[in-house]
Amino acid sequence: MSNLWDLSHIQPNPNVVMPGDTIPAMFWNAVEKRGPNVWMRQKKLGIWRSWTWDQTATAVREIAGGLMSLGFAPGQTASILSNTVIEWVLADLAILSCAGVANGIYPTDAASQVHYLCEDSSTTVLFVEDDEQLDKALEIRAQLPRFQKIVVFDMEGLRDLDDPGVIGLDALRKQGRDYLTANPQELTQRVKACKPEDLAILVYTSGTTGKPKGAMHSHKGLVYTSGTTGKPKGAMHNHKGLVFTARGYNTLVAQTDADERMCFLPLCHIAERLGGEYHALYTGAKLNFVENPETVPENVREISPTVFTAVPRVWEKFYSGVMIALKESGPVQQAAYAWSIGVGHQIADKVLAGQPVDGLLKFKFTLARWLALNNARKLIGIHRARFCVTGAAPISPDLVRWYLALGVPMLEVWGMTESCGASTGVPANRMKPGSIGPAASYNEVKLDPATGEILVRGGNVFMGYLNQSEKTAETIDPDGWLHTGDVGLMDEDGYFRITDRMKDIIITAGGKNVTPSELENDLKFSPYITDAVVIGDKLPYLTVIIMIDQDNVEKYAQDRDVPFSNYASLTRSPQVQELIQSEIDRVNKKFARVEQIKKFFLLDTQLSAEDEELTPTMKLKRKLVQTKYAPQIDAMYR
């Protein structure tokens, strides 16, 4: 268990842990070195099944052989339409080992979206998880003449399917074994022929402002970046003068083969793909796959990861769970928690200020752990965590401080799909809640002097958008700087802080500039609010659209005998309206009068990732929400 006053175990590691200039080269080198060791685990039907590196290699080899037997050629694209399961990783590594291009598709995407992504990426082989995803593929395949085959991971319920265009994963593996028996050197030749400059993966943006764009990443961008021009100061090099990025992650959040990770975020998102799968491939950290998205809270307690990366919404949900449990506890437990978390905050304040923690305070913290904090950590599942990482969206600094008060280092990283994930990161030896840290060693980061926009340059920057050269030119300038669209500040220590998205900054009718993300992050710190969109551009005052946390608000209503029949009636209840108003009042106290929220509207429809208002990463689409709920917004200004 970590002690904030001694984080010497969280050290950057600039040394090369696993050689290889492409993802498949790195994978097969790792297999040779780690063969019998366990790499992945997955729980099915209540039982955890382990996969060693050797077992993983066998499956990847056979799937790759199956793909080649189908005529899958180097440079062709295969897509994966599935939840986060081990088979996703197997298919991904097989595609790359064939010198192909791997593209991920969110399992929540509708058939029309799947069609667009397969057509845009020129997909020839589509891997699907089960019969539900197969239905989408069958609905659109007639419109996709490039389709060669659909491969199904789980054939349960499809045993009697007789369709020449569909094959089960087990059957593909058998076909691959036969193919490799007849062509024993072809896979090795494909792996060797794969070049660092080759296109490796496509990662489609979440499309908050239009159709998703396919960000192209080369093996060089995933594994290493060229250091010949614009070389970041202090960047690490190998003997060829190359600067490593996936390896560079170890200079931000170093992990080892003794670490346990939980794999649960979508693998088609850059965060889990690079920070989870590829970083674990490089370091040997074990990947533990959850049963399904609904079992994350239960599985994290079983896995108790030592390194845990998640998006702010997950950290907010865990915090809410502890707060609700606390409200249900007795007065003695509540008093013990209040004293314990107070001691934790004293420790965090001293560490953040760079001050020593004296022996008495250390003793109090040991007692605080025993009284309450250990139980809070176990309730979440982070009692073994050496550190936690948050990224992919802004997080409330108060929430970061709460995790620090529990005794868990919470490190914020920042980046985007186009920068191959993290471009900045907060180091453990000098944490600053509210900051995204200094530039990573493998890229340069600066502010545009005219606009304050954060710019990134380095070999980790993507190759461009597939089939959209104009969009690429708008995003990467002639000097190689990636224009991120985020506006920020930099302090005297070189730490950056995001103030907002350029397009989201509000200028009220009175001429006041407001950064809505600060208000929204404080609102989301409430256990009763899942997301919020602040409105007010060119308007006389600020209002907000709020999505409530259904579980916690329902519990609040039930405990107080508030009548409701469904989600919509719950949001319209006067008691719930008063509850949310009290949360807004709490946030308003932190801001000047002209920055305070005057009115609010609660979304009365329960949203999921299938709904158009949400991105696959469960963020409200600001522009779409403002358009769809224009009548409700207008009503708040009458």
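- The environment of Lys43 atom NZ is dense: over 12 non-hydrogen atoms of other residues, nucleotides or ligands sit within 6.0 angstrom.
- Taking Tyr465 as the reference, Phe462 meet the ring-ring contact (aromatic ring centres under 6.0 Å, His included) condition, with sequence neighbours excluded.
- If you check the side chains of Tyr106 and Gln113, you find no donor sitting under 3.5 Å from an acceptor.
- For the pair Ser79 (side chain) and Cys118 (backbone), a donor-acceptor distance under 3.5 Å is absent.
- We find that Lys174 and Asp170 are not joined by a salt bridge, their nearest charged nitrogen and carboxylate oxygen being 4.0 Å or further apart.
- Residues Ser97 and Trp28 bring a donor and an acceptor atom of their side chains to less than 3.5 Å of each other.
- Here the side chain of Thr306 pairs no donor or acceptor atom with the backbone of Arg384 at under 3.5 angstrom.
- Remark: Asp259 engages Arg386 in a salt bridge, criterion side-chain N to carboxylate O under 4.0 Å.
- Checking side-chain atoms of Arg261 against main-chain N and O of Glu277 turns up no donor-acceptor pair under 3.5 Å.
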Give the C-alpha distance, both sets of side-chain angles, the deciding distance and a yes or no for salt bridge (Lys or Arg N to Asp or Glu O under 4.0 Å) between Glu87 and Lys44. CA-CA 13 Å; Glu87 290 82 0; Lys44 284 190 176 180; 3.5 Å; yes
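- In terms of modelled atom types and a separation under 3.5 Å, the side chain of Asn460 and the main chain of Ser419 share a donor-acceptor contact.
- Salt bridge status for Arg141 with Asp163: present, with a side-chain N to carboxylate O gap under 4.0 Å.
- Remark: the Asn467 side chain and the Asp120 side chain contain an N/O donor-acceptor pair separated by less than 3.5 Å.
- Side-chain atoms of Thr309 never come within 3.5 Å of backbone atoms of Val389 as a donor-acceptor pair (strictly under, hydrogens ignored).
- Annotation: Glu156, atom CD; neighbour count of heavy atoms from other residues, nucleotides and ligands within 6.0 Å does not exceed 12.
- Pairing each heavy atom of Ile80 with each of Asp92, the nearest pair is CD1-N, 3.7 Å.
- More than 12 non-hydrogen atoms from other residues, nucleotides or ligands lie less than 6.0 angstrom from CZ of Arg301.
- Under the 3.5 Å distance criterion, with hydrogens and angles disregarded, no donor-acceptor pair is assigned to the side chains of Glu32 and Asn29.
- Shown are Asn443, Asp486, Ile476; of these, the side chain to side chain contact (heavy atoms under 4.5 Å, CB included) with Val456 is made only by Asn443.
- A side-chain donor-acceptor contact under 3.5 Å links Trp315 to the backbone of Ala310.
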Decide yes or no on side-chain contact (heavy atoms from CB on, under 4.5 Å) for Leu169 and Ile63, but give the supporting numbers first. CA-CA 8 Å; Leu169 186 65; Ile63 295 169; 3.8 Å; yes
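- Note that the CD1 atom of Ile167 and the CD1 atom of Ile150 stand 12.0 Å from one another [nearest 0.5 Å].
- Within the 3.5 Å criterion, the main-chain N or O of Asp109 finds a donor-acceptor partner in the side chain of Lys136.
- Minimum heavy-atom separation, Cys194 to His219: SG-NE2, 3.1 Å.
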